[in-house]
Amino acid sequence: MAGGGAGAASGAILGLALLLLVQQFGYLDFSSSFENPLVLLLVVVIAFAVVFGLVGRALKGRAIRKAEAQAGTDPAGSG
Amino acid sequence: MGYLDRRGALRAALIASSLVLLGFVVLSNSAAAATPAPLQSSGNNAVSAVVSFNGVPVATHDSLSSAIVTHFSGQFTTVFEWASVGAPAYVNQGQVSILFFGASIGTSAVSVSQTGSGTITLNNSFSQNQYLYEGVYDLHAVLTDNGSTVFSENFFVWVQATDHLTVVNIVLLLIILLEIYEIAVLGSVKKAAAQLGLKPKSPPANPSPSAPAASSTEAPAEEKP
């Protein structure tokens with residue numbers, strides 16, 4: 001759970017920024033597969049949010065486990 | 001909670017600006033949907049026209065993938081060469097609107113008084129957007145007869161900045177780098193430990209030799225009574 005929200009927020013902004021940058025460079029053809037630019041925009045932003053949400057959660061979980069191991073605490077909280 | 005530190009404020013600003021951009025696209029899209037459909041003729045005023053952009057006929061450049069490539073430097077010229085089809089038509093205005101992401105960002109028009117056929121030339125420039133943003137622009141060329149459209153054509157122009165150096169591109173690149181950094185930092189063990197209030201296990205400050213010394217000093221005191 002931890003890190004998922006931050007990763008998703010970063011991913012959404014990253015997706016939006018990348019899409020706009022590609023559009024700025026003139027390589028984005030909205031008419032090829034999507035009639036509506038908004039559809040493409042939403043698909044990309046949501047996809048980036050989901051992917052980076054999962055990545056963020058994995059990274060944060062790993063970091064927490066390592067921090068707990070370094071501190072000598074029991075990750076399960078039993079000790 | 002006091003969590004909204006400097007970085008949090010920056011992230012909030014980024015998310016807010018992204019939402020504003022998203023809203024801009026939504027509004028632009030609805031504005032594009034409100035654009036009237038191309039009208040080639042109305043009543044007796046049937047008009048056919050050939051529109052050229054910097055000397056290039058625009059008829060085949062009606063999609064983003066076939067956009068006419070141009071640069072920010074200098075002006076661009078749009079020429080309408082029109083003729084009546086059937087009864088002589090009257091045209092009193094030629095107009096070119098520049099649309100970006102579906103929203104009109106500029107319109108220029110020239111008033112004329114032509115009957116039967118004629119040529120209308122318009123000069124525009126993208127210079128006002130030169131350092132702001134680049135990309136594919138949709139141009140909407142229209143001939144009107146006292147306000148009613150007698151001819152319209154849409155075409156696309158890919159306007160490029162020198163080395164892609166525009167404010168929007170630089171800001172977008174900075175945002176991308178910042179977000180990649182933010183995602184990478186999620187895996188920081190130091191940060192996770194700080195957030196959890198954990199301290200790394202460290203060996204005792206004084207090594208064990210001092211302990212026996214203390215016990216040896218206390219031992220005689222116990223023996224006194």
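Numbers restart at 1 for each chain; the letters A, B, ... are given by sequence-line order, proteins then strands.
For chain A, the option among B:Val189, B:Val171, B:Leu196 with the highest count of heavy-atom pairs below 4.5 Å is B:Val189. Ranked by non-hydrogen atom pairs under 4.5 Å with chain B, the options A:Leu59, A:Leu18, A:Ile64 are led by A:Leu59.
Interatomic distance, A:Lys60 NZ to B:Lys191 NZ, rounded to the nearest 0.5 Å: 6.5 Å. Note that CG of B:Leu172 is 8.0 Å distant from CG of A:Leu16, once rounded to the nearest 0.5 Å.
Residues B:Ile183 and A:Ser10 share a closest heavy-atom pair of CG1-CB, 3.5 Å. When every heavy atom of B:Ile175 is checked against every heavy atom of A:Ala17, the shortest pair comes out as CG2-CB, 4.0 Å.
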